[in-house]
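Written out below as structure tokens is the structure these notes cover.
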Amino acid sequence: MIAIVDYGVGNLRSVENALKRLGAEYILTSDPETIRTASKVILPGVGNVAEAMANLREKGLVEAIRARRKPLLGICVGMQVLCRYSEEGDTQCIGLFDTDVLEFKPEAELKIPHMGWNRINNLSSKLFKNIDEGTYVYFVHSYRPQICRDTIATTDYGGLFSCALKYENFYGTQFHPEKSGDAGEAILKNFLAL
Amino acid sequence: MVAKRIIPCLDVNDGRTVKGINFVDIKEVGDPVELGAHYAADGADELVYLDISATFEGRRTFTSLVERIADRINIPFTVGGGISSLDDAARLLDAGADKISVNSAAIARPELISEIAGRYGNQFVVIAIDARLAADDRWMATTHGGRKLTDRELFEWAHEAQERGAGELLLTSMEHDGVRQGYPCDLFAQITGALKIPVIASGGAGSIDDIAEVFEKGHADAALAASIFHYGTYTVKEVKEELNRRNIKVRI
């Protein structure tokens, strides 16, 4: 069973729609036991990481996530909460991925948020099976995780950052596979096939 | 770096697309979902749907249309037209829109931008400005489809919208819109230089040269076009392949 974590951050509709297009059955839940044991979990997230962490704590989901041994995919803020720390709101996060999330530094040429289609490179995970180096995916964010030992893909925007991370059964993408056209659907399909 | 975006814009009245030729792979030309799916498959980077319905019934039809678009389309889409309250924005977000654009209502009440961005994030709010060159040679914001000049100077208003939390600017020159003679590239170069947020150039694309120029000389982040796609002058794919040949970074 696929569980989409419903913890009150943004709406889950685009992830739901992507799963429907793939013909996958899913449930929306905030039940810790279901989230600990479901065969696949997707942790979406739009908005503010401090609020996302507060909601996860309040619903008792931090421990449930940490205790998981089956695949979990965090998307955007849903990935950032799995990192150690975020500069956004000076937030301590769950700390599964061995990296911090820092704000993009404004430069003359750099528009913030990083919004639009950018390339993913240095792909090194089954998550990217049949995905070409340099494939374009869709991003919308103002904070990004640093490169670390858990990096499984990189993107260049005023310097390289981790656009995807993996630690044991935990996966995360900074980009939105559910909005990244056919490439994004292929990545979601790879996750469901793990 | 991010690719330059090509964004087809669809005008919707009472749930039906207003313009559009009969593409070979589309059964129902008037169906905004079918037309959007066609553009997405052809390589569009995003879509914009503008509700031009004048009636309450038309508005309600648009909301259910947004749900169908969200079910079907796997790229981001923006919806606009008549959004004047946080409730309007919430309704469209719940229906599945990735972004909403606000125009006249934000000029009447600029706090609208802060309210929507504060609740749903800057990435959700596009400030749309229809600008016209006034008698004193200043670019001014207009309302009512360009017919009514306001007292808001373009640069000052765009800057305020950015500070209030708009995540993108969709700028249309009413001097150029629908004329298909190209974009005012000097204006776009000035505004992209003055703002931190991405700028979508709208109004005036008649050829691939025009689009290339607004990227190269106008430094726009995205180009929105309606007529050249709806009337089949070019496909999205043709535009992007030609831009790529000219070394303009696009997603192919």
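In what follows, chains carry the letters A, B, and so on, assigned in the order in which the sequence lines appear, proteins first and then strands, with residues in each chain numbered from 1.
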Query raised in the report: A/Asp182 versus chain B, heavy atoms under 4.5 Å apart: side chain, backbone, both or neither?
Result: both
Requested in this report: Might you confirm whether atom CZ of B/Arg119 has over 12 heavy atoms from other residues, nucleotides or ligands at distances under 6.0 Å?
Outcome: no
Report summary line: Assert top hit (heavy-atom pairs under 4.5 Å, partner chain A, pool B/Gly193, B/Ala95, B/Gly167) equals B/Ala95
Report summary line: By residue number, those in residues 126-140 of chain A with heavy atoms under 4.5 Å from heavy atoms of chain B are A/Tyr136, A/Tyr138, A/Val140
**Report entry** From B/Glu46 atom CD to A/Met115 atom CE, the distance as rounded to the nearest 0.5 Å
**Finding:** 7.5 Å
**Report entry** Rounded distance (nearest 0.5 Å) linking atom NE2 of A/His176 with atom CD1 of B/Ile75
**Finding:** 15.0 Å
Report task. Please check if the side chain of A/Arg13 supplies one atom and the backbone of B/Asp94 the other of a donor-acceptor pair under 3.5 Å. Result -> yes
**Report entry** Atom group of B/Arg72 that falls short of 4.5 Å from chain A, counting heavy atoms
**Finding:** backbone
Requested in this report: Output the option from B/Ala222, B/Gly96, B/Gly121 having the highest count of non-hydrogen pairs under 4.5 Å with chain A.
Outcome: B/Gly96
Requested in this report: Of all the heavy-atom pairs spanning A/Pro113 and B/Pro198, show the shortest one and how long it is.
Outcome: O-CG, 4.5 Å
Query raised in the report: So, the side chain of B/Lys196 versus the backbone of A/Lys111: is there a donor-acceptor pair under 3.5 Å, distance only?
Result: no
Query raised in the report: Does any heavy atom of chain A fall under 4.5 Å from the side chain of B/Arg251, the backbone, both, or neither of them?
Result: both
Query raised in the report: By a 4.5 Å heavy-atom criterion (distance strictly below it), what part of B/Asn122 contacts chain A: side chain, backbone, both, or neither?
Result: neither
Report task. Measure distances from B/Ala40 to the heavy atoms of chain A and classify the residue's part below 4.5 Å as side chain, backbone, both or neither. Result -> neither
Query raised in the report: Is chain B contacted by the side chain of A/Glu185, its backbone, both, or neither, given a heavy-atom distance below 4.5 Å?
Result: side chain
Query raised in the report: If you measure from NE2 on A/His114 to CE on B/Met1, what distance do you get to the nearest 0.5 Å?
Result: 7.5 Å
Query raised in the report: Which heavy atom of B/Ile73 sits nearest a heavy atom of A/Lys179, and at what distance?
Result: O-NZ, 4.2 Å
**Report entry** Heavy-atom proximity to chain A below 4.5 Å, by part of B/Glu168
**Finding:** side chain
Query raised in the report: If you round to the nearest 0.5 Å, how far is CD of A/Glu16 from CG of B/Asp71?
Result: 9.5 Å
Query - Heavy-atom neighbours of B/Phe155 CZ exceed 12 at 6.0 Å - result: yes
Query - Approximate separation, where rounding is to 0.5 Å, of A/Arg21 CZ and B/Asn74 CG - result: 5.0 Å
Report summary line: Separation between CG (A/Asn118) and NZ (B/Lys249), nearest 0.5 Å, reads 5.5 Å
